[in-house]
**Student:** 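Quick one: this structure, given as structure tokens, is what I'll be asking you about.
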Amino acid sequence: MSLSIVILAAGKGSRMKSSTAKVLHTISGKAMLYFIIKESLRISDDVTVVIHHQKEAVQEEMMKHFDTIKFVVQDAENFPGTGGAVMGITPKHEKVLVLNGDMPLITAEALSGFEASDADITMSIFNLADPSGYGRVIISEAGVERIIEEKDASTQEKAVTHVNAGIYSFTKSVLETYLPRLSNDNAQAEYYLTDLIAMAREDRLTISPLLVDEEHFKGVNSKFDLAVAEEIMQARIREKWMKEGVSMQLPSTIYIEEGVVFKGESMLENGVRLCGNTLLENTHIKCGCVIEDSIIKNSDIGPMAHIRPHSHIEQTHIGNFVEIKKSNLKGVKAGHLSYLGDAQIGEGTNVGAGVITCNYDGINKYQTIIGKNVFIGSDSQLIAPLVVEDDVLIAAGTTVTSEKILKGSLALSRTPLKSVAGFYYKFFGKK
Ligand code: UD1
Ligand code: MG
């Protein structure tokens, strides 16, 4: 781990056309920067993140996940640009890997070429049919000459298809020698890190080009790029879990966030969306379900059910158009069209079609506690706070207004049915 890593995350990201800092835009449920830091920590014990634009928000979000990284604030007023970003750092090791913060697809394995190289500068290059947006790498027979940013490039230079992927390793002495010599005499009046290449070249230092692939080194500058990166990340996440034994029908229609974990053997039908810190164990999720921050074991869910955060569901059947929020269900059947929120429901209980827990009175939320082997008839409303003890029968269409139904009881509230003979013909004037 004798490598220092600096991640540049201070820029504004104007091309995202967003009020959110670029590096906080999410892919698979986590900020882009999260993935880069996570991979960096696999190969370095000295990771520095350079921040400036929305620095508090960026730092706060990253500190939720990582406690061993350093933050340095760029003096972006006086030294804007990627070169300016590296000026304030104090690396621990002799070799410094610099990563752009907008490359969420990078992996530790993809960085191994930088670790292995002993050149003064190692830089990543890829070849693109459409190089627009990237800095072009000018290469002669003698090797890499310089990098020219798109905004400073001539028409001829713009036609070059070798581009700078945005990851470099430098020896500490290269940074110490050349960073103070950078100028901002260019189209963007910025201090470009990329100008170090031409300076080092002039002094005959060794510059080693590393040919890399776009799948790992893609830079995200626009919301279009973000969507392309998302597809690549999703394909990786799905592949990983399929290899762990999860079955997926039409995988390209399934969305699984980074924090989701599977155990045992689960099945996902097409169009499933799994978010947050969800855990699924031996569970079948039918098509069109959305599951957020929940634990589900040995159950079947959907089609088209919505399981909202902090639900814990075991040995349960949830059918179509059922919404569950912050509830605990074990050994339950809720087959159709229900809302169960802030509820605890015990084993053997059957929730009829259209049952609703009325958990909110407009000001506060209340709990509904339902015991074992309760039969809740269709279209019943359970007004919380409410405790329904074991072995209760709630008749269809009942609005439960008392706070407790005792064990073994029948609860029934109904308007008596009136049937008026011949009324239809009288009302519509038809025979
Ligand atoms: C940069 C490279 C370009 C390369 C491309 C690869 C430079 C001058 N250009 O261009 O050659 O092809 O990446 O993706 O380096 N940042 C700061 N402080 C700043 C400016 C930027 O920390 O003052 C950070 C950004 O937050 C971002 C990264 O540096 O994470 C790259 O900045 P960006 O503006 O995206 O550079 P590109 O124009 O893409
Ligand atoms: Mg970029």
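In listed order, ligands and their atoms are each counted from 1. This is a predicted model, so every value here is computed, not measured.
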**Student:** Taking all heavy atoms of Cys289 and all of Gly302, pick out the closest pair and write down the distance.
**Tutor:**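 Result for this residue pair: SG-CA, 3.5 Å.
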**Student:** Testing the basics here: between Glu257 and Arg273, what is the closest heavy-atom pair and its distance to 0.1 Å?
**Tutor:** OE2-NH2, 4.3 Å
**Student:** Considering both backbone and side-chain atoms of Leu8, is one of its nitrogen or oxygen atoms within less than 3.5 Å of a nitrogen or oxygen in ligand 1?
**Tutor:** yes
**Student:** Restricting to non-hydrogen atoms, name the atom on Thr26 and the atom on Glu230 that form the minimum distance, rounded to 0.1 Å.
**Tutor:**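 Scanning both residues, the minimum pair turns out to be O-OE2, 4.5 Å.
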**Student:** Got an N/O contact under 3.5 Å between Glu149 and ligand 1?
**Tutor:**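 It does: an N or O of Glu149 is found under 3.5 Å from an N or O of ligand 1.
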**Student:** Has Arg15 got any heavy atom lying under 4.0 angstrom from an atom of ligand 1?
**Tutor:**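 A heavy atom of Arg15 does come that close to ligand 1.
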**Student:** To check your reading of the model: name the closest protein heavy atom to atom 20 (C) of ligand 1, its residue, and the distance in Å.
**Tutor:**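 Nearest neighbour among protein heavy atoms for atom 20 (C) of ligand 1, to 0.1 Å: Gly81 C, 3.8 Å.
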**Student:** Check the pair Ser294 / His310 against side chain to side chain donor-acceptor pair (under 3.5 Å), numbers first and verdict last.
**Tutor:** CA-CA 5 Å; Ser294 289; His310 311 301; over 6 Å; no
**Student:** Of all the N, O or S atoms in Asp102, which one sits nearest to the Mg ion (ligand 2)?
**Tutor:**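 Of all N, O or S atoms in Asp102, the Mg ion (ligand 2) lies closest to OD2.
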**Student:** Apply side chain to side chain contact (heavy atoms under 4.5 Å, CB included) to Lys297 and Lys263, showing your working.
**Tutor:** CA-CA 9 Å; Lys297 298 181 179 176; Lys263 285 188 185 163; 5.9 Å; no
**Student:** Evaluate the criterion salt bridge (Lys or Arg N to Asp or Glu O under 4.0 Å) for residue pair Lys372 and Asp390; output intermediate values, then yes/no.
**Tutor:** CA-CA 5 Å; Lys372 293 182 181 170; Asp390 295 348; 5.9 Å; no
**Student:** Nearest heavy-atom pair of Pro209 and Val144: which atoms, and what distance?
**Tutor:** CB-CG2, 3.9 Å
**Student:** For ligand 1, is there an N or O atom under 3.5 Å from any N or O atom of Thr194?
**Tutor:**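 For ligand 1, there is no N or O atom that lies under 3.5 Å from one belonging to Thr194.
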**Student:** Please work out whether any backbone atom (N, CA, C, O) or any side-chain heavy atom from C-beta onward of Gln74 is under 4.0 Å from ligand 1, and answer side chain, backbone, both or neither.
**Tutor:**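 Contact part for Gln74 vs ligand 1: side chain (C-beta onward).
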**Student:** Under 4.0 Å from a heavy atom of Gly101: which atoms of ligand 1 are those, numbered in the order shown and with their elements?
**Tutor:**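 Once the distances to Gly101 are compared, the set is 30 (O).
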**Student:** Pull out every atom of ligand 1 sitting under 4.0 Å from any heavy atom of Tyr192, numbered as shown with elements.
**Tutor:** 8 (C)
**Student:** Among Asn164, Val86, Ile125, which one puts a heavy atom closest to atom 6 (C) of ligand 1?
**Tutor:** Asn164
**Student:** Could you check atom 1 (C) of ligand 1 against the protein and tell me its nearest heavy-atom contact, residue, atom and distance included?
**Tutor:** Asn100 ND2, 3.7 Å
**Student:** Look at atom 26 (O) of ligand 1 and say which protein heavy atom is nearest, naming residue and atom and giving the distance to 0.1 Å.
**Tutor:** Gly11 N, 2.9 Å
**Student:** Hey, is Val163 one of the residues with a heavy atom under 4.0 angstrom from ligand 1?
**Tutor:** no
**Student:** Distance from Leu24 atom CG to His53 atom NE2, nearest 0.5 Å?
**Tutor:** 9.0 Å
**Student:** Between Asp102 and ligand 1, which part of the residue brings a heavy atom under 4.0 Å of the ligand: side chain, backbone, both or neither?
**Tutor:**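 Looking at Asp102 and ligand 1, atoms from backbone and side chain both fall under 4.0 Å.
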**Student:** As a quick check of understanding, evaluate ring pair (Phe, Tyr, Trp, His ring centres under 6.0 Å) for Tyr34 and Phe66, giving each step before the final call.
**Tutor:** CA-CA 9 Å; Tyr34 162 89; Phe66 308 105; 5.5 Å; yes
**Student:** Which residue and atom name correspond to the protein heavy atom nearest atom 7 (C) of ligand 1, and how close is it?
**Tutor:** Thr82 OG1, 3.4 Å
**Student:** Take Lys64 and Glu61 through the salt bridge (Lys or Arg N to Asp or Glu O under 4.0 Å) test and state the conclusion after the steps.
**Tutor:** CA-CA 6 Å; Lys64 285 185 200 162; Glu61 181 57 31; 2.8 Å; yes
**Student:** Run the numbers on Lys92 and Asp45 for salt bridge (Lys or Arg N to Asp or Glu O under 4.0 Å), then give the verdict.
**Tutor:** CA-CA 9 Å; Lys92 176 171 153 189; Asp45 62 354; 3.1 Å; yes
**Student:** Which atoms of ligand 1 sit under 4.0 Å from any heavy atom of Lys22?
**Tutor:** 35 (O)
**Student:** Report yes if some N/O of Gly135 lies less than 3.5 Å from some N/O of ligand 1; otherwise report no.
**Tutor:** yes
**Student:** For Tyr192 and Asp152, run side chain to side chain donor-acceptor pair (under 3.5 Å): C-alpha distance rounded to whole Å, both residues' side-chain angles, the deciding distance at 0.1 Å, then the answer.
**Tutor:** CA-CA 11 Å; Tyr192 293 160; Asp152 302 291; 2.8 Å; yes
**Student:** Got a sec: is Asn221 within less than 2.8 Å of the Mg ion (ligand 2) via an N/O/S atom?
**Tutor:**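 Yes, within the cut-off.
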**Student:** Test your reading of the structure: does Ala10 have an N or O sitting under 3.5 Å from an N or O of ligand 1?
**Tutor:**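 Min N/O separation from ligand 1 is below 3.5 Å for Ala10.
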**Student:** What heavy-atom pair brings Met248 and Ile256 nearest, and what distance separates the two atoms?
**Tutor:**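 Closest approach of Met248 to Ile256, heavy atoms only: CE-CD1, 3.6 Å.
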**Student:** Using a strict 4.0 Å cut-off to heavy atoms of Ala85, name the atoms of ligand 1 that fall inside it.
**Tutor:**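 Every atom of ligand 1 under 4.0 Å from some heavy atom of Ala85: 17 (C), 18 (N), 22 (O).
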**Student:** Of all the atoms in ligand 1, which lie at a distance below 4.0 Å from a heavy atom belonging to Ala165?
**Tutor:** 6 (C), 14 (O)
